[in-house]
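Below is one structure; the comments refer to it alone.
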There are 2 protein chains.
Amino acid sequence: MVVLANLFKEISKLTESELDKILPIVEGSESRLHEAMRYSSMSGGKRVRPLLVVACGDLFDVDRDKLIRVAAAVELIHTYSLIHDDLPAMDNDGMRRGKPTCHIKFDEATAILAGDALLTIGFEVLADPKIHPSADIRIRLIAELSSAVGPRGMVGGQMLDLLSSKIKFTKSEVLRLQSLKTGALIEFSCKAGAILSGVGSRETEKLTSFARDLGLIYQFTDDLLDVDSTLKETGKMVNKDADLGKATIVSLFGKKGARKEVSFLEERALKNLEIFQEKGEVLGALLKFVVNRRN
Amino acid sequence: MVVLANLFKEISKLTESELDKILPIVEGSESRLHEAMRYSSMSGGKRVRPLLVVACGDLFDVDRDKLIRVAAAVELIHTYSLIHDDLPAMDNDGMRRGKPTCHIKFDEATAILAGDALLTIGFEVLADPKIHPSADIRIRLIAELSSAVGPRGMVGGQMLDLLSSKIKFTKSEVLRLQSLKTGALIEFSCKAGAILSGVGSRETEKLTSFARDLGLIYQFTDDLLDVDSTLKETGKMVNKDADLGKATIVSLFGKKGARKEVSFLEERALKNLEIFQEKGEVLGALLKFVVNRRN
């Protein structure tokens, strides 16, 4: 676990430094937009997705530079989704990563535009030859990412999430919601390294299955934390979903049932790592971290 | 001019039918999101940008199918920008193309997500091999478009526009605002055909200069119309910018000055078409249409 903590720190630092290069400080009247983009993108966070990009890319011996660049693109898009989700018309959240959310720190209009800009730059970064000299590989990354975060992925999941306070969802619908809202981008983070290396289908398949389970576990433990934590521990509002009458994983499965499901998923995820032998150890540790996380 | 009217109708129909294929009717709880995307994307409009894509692509004998596909991507992104610009936190517009805006017809959250989804799909469409078999060409389209509509393009222009009711802008700042907000996507629409054909720099250069002037003329005549029109004629709120205390082209140049500037730009734009000889006639007619448009 000490190794994983160090790796988290290292990847987080490299990702922040890459984001710093991608999001320059701009003078002129529109500087407010660039400030807002930097404020939300560089406000820390665990950087779980970048670590996934790197750990999965390491399985295929992909250059660290390329992985960090993709990781930064993923973080840009993750940050855009957080900024828009926090808006008053959406989840109306005032705190994120222990700081005021973008629309509180700036204003609603700036937050909407900062989100739009980050999403756009995410694709711009992937189109740049710095990601990989092969246009085919860059296109594959863009195709996979746009599909993962579009209306049949992340945005569709957020739409379902908004509706979940009005419509009574079943277990399988809540799981589908979560797999779209959170799972799709986590899955992309795991697949990116395989795409960059151009490797064959069997390993990518295993990794995709692993990513799906990890994404689900992430959401289960997120919901469990939400019930058990305070604002101070998580840096964001807690227990909001239940207060809004949304069906949550905990409300549907119960705490015990949710933990049992996590154990089942963990076992299955570990099986999918076997093909990578000792190379999969970092991912195994990361899996354990997500299963046991306390914030 | 009769020819141009027919061409407008033809391209508009082809673009709508392409959008119809790209935005399917989806069942399930998230159908509301897809409905909103279709509502705003397929609500008519003049489809000036698609016509530009096709007319400029025709200069280089690019397949009509490919051009329409790019035109649809441009319209998806243009529509996203309109949906977000109309939001209460932004321009707070209730009418667009003679119909209630997306957040009035649906709600704010759905409108934000529909915009996000349309932007994302715009890139997904360009990444698809249907656009062009060469990944290099698809990547160039994505790189140019993301740069045109990001923080140093369209989104930056919208940020400046929001600030223009608070800060006193000079003539050159208002022109810069307009060239970012409206000009960048018009410029991309003109360049897309050249990119698809892979032709050299001299023609692309002329076309880019033409596009810049056309974009400016478009904004000048838009502002002139805004002063002279009614809601019924334009299908959207009029005179809002001046009411908000924003420096507009008409407030800075005066009506006469604005018309004089349009004449100057028209002459320069025509010069840039000379290299294309009779092939540039459609673009010449389109230029005349924009100069003289009444709605």
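We name chains A, B, ... by the order of the sequence lines, and we start the count at 1 in each one. Worth knowing before you read on, the calculation uses all heavy atoms, side chains too, and leaves out hydrogens, waters and symmetry mates. Because the structure is a prediction, the values reported are computed rather than measured.
Between chain A and the residues B/R138, B/M37, B/E173, the largest count of heavy-atom pairs under 4.5 Å involves B/R138. Counting heavy-atom pairs under 4.5 Å between each of A/A111, A/S147, A/A143, A/G28 and chain B puts A/S147 at the top. Between chain B and the options A/T120, A/D85, A/L163, heavy-atom pairs under 4.5 Å are most frequent for A/T120. Contact count against chain A (heavy-atom pairs under 4.5 Å) is highest for B/I139 among B/I139, B/V155, B/I77, B/D128.
For A/I121, the part sitting under 4.5 Å from any heavy atom of chain B is the side chain, from C-beta outward, and nothing else. Neither the backbone nor the side chain of A/V125 comes within less than 4.5 Å of any heavy atom of chain B. Only the side chain of B/R176 comes within less than 4.5 Å of a heavy atom in chain A; its backbone stays farther off. Neither the backbone nor the side chain of B/M154 comes within less than 4.5 Å of any heavy atom in chain A. Of the two parts of A/L87, only the side chain, counted from C-beta on, holds a non-hydrogen atom closer than 4.5 Å to a non-hydrogen atom of chain B. For A/H34, the part lying under 4.5 angstrom from a heavy atom of chain B is the side chain only. Using a 4.5 Å cut-off between heavy atoms, A/L33 contacts chain B through both its backbone and its side chain.
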- Check step by step if side chain to side chain contact (heavy atoms under 4.5 Å, CB included) holds for A/L126 and B/I142. CA-CA 9 Å; A/L126 290 185; B/I142 292 169; over 6 Å; no
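In this structure, CG on A/L162 lies 8.0 Å from CG on B/D107, to the nearest 0.5 angstrom.
For the pair A/L113 and B/M90, the minimum side-chain heavy-atom distance is below 4.5 Å.
Closest approach of A/M159 and B/T110 over heavy atoms only: CE-OG1, 3.4 Å. Nearest heavy-atom pair across A/L119 and B/D116 is CD2-O, 3.9 Å. The two atoms that bring B/E30 and A/G156 nearest to each other are CB-O, 4.2 Å, heavy atoms only.
Residues A/E124 and B/R152 are not paired through a salt bridge, judged by the lack of any N-O separation under 4.0 Å between the basic side chain and the carboxylate.
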